[in-house]
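Written below as structure tokens is the structure these notes are about.
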Amino acid sequence: MVRIAKETDPIKLEELREKIHDEKYLALAIHQLAQILSTEIVEIDEESKS
């Protein structure tokens with residue numbers, strides 16, 4: 001689910017702009033997303049078998 005911020009914090013936005021150019025940060029973020037998605041897929045698969 002996508003959440004849209006009502007008020008944008010310019011400091012946090014600038015930090016994020018810097019982070020998206022950091023390969024290590026992106027690799028970690030992608031890894032974490034992959035783990036979450038994998039866990040959810042396994043849970044859905046287990047629920048469908050019940």
Listed pairs under 3.5 Å, donor-acceptor, residues 9-19 side chains, sequence neighbours left out:
residue : atom : partner : partner atom : Å
Asp9    : OD1  : Ile11   : N            : 3.0

For residues 22-43, pull every pair meeting salt bridge (Lys or Arg N to Asp or Glu O under 4.0 Å), keeping only residues two or more places apart or in separate chains.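 Listed by first then second residue: nothing to list.
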
Linking Ile, Leu, Val, Met, Phe, Trp and Tyr by side-chain heavy atoms under 4.5 Å, what else ends up with Ile30?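 None, because no other hydrophobic side chain comes under 4.5 Å of this residue.
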
Calculate, to the nearest 0.5 Å, the distance between atoms CG and CD1 belonging to Asp45 and Ile41 respectively.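 Reported value, rounded in 0.5 Å steps: 9.5 Å.
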
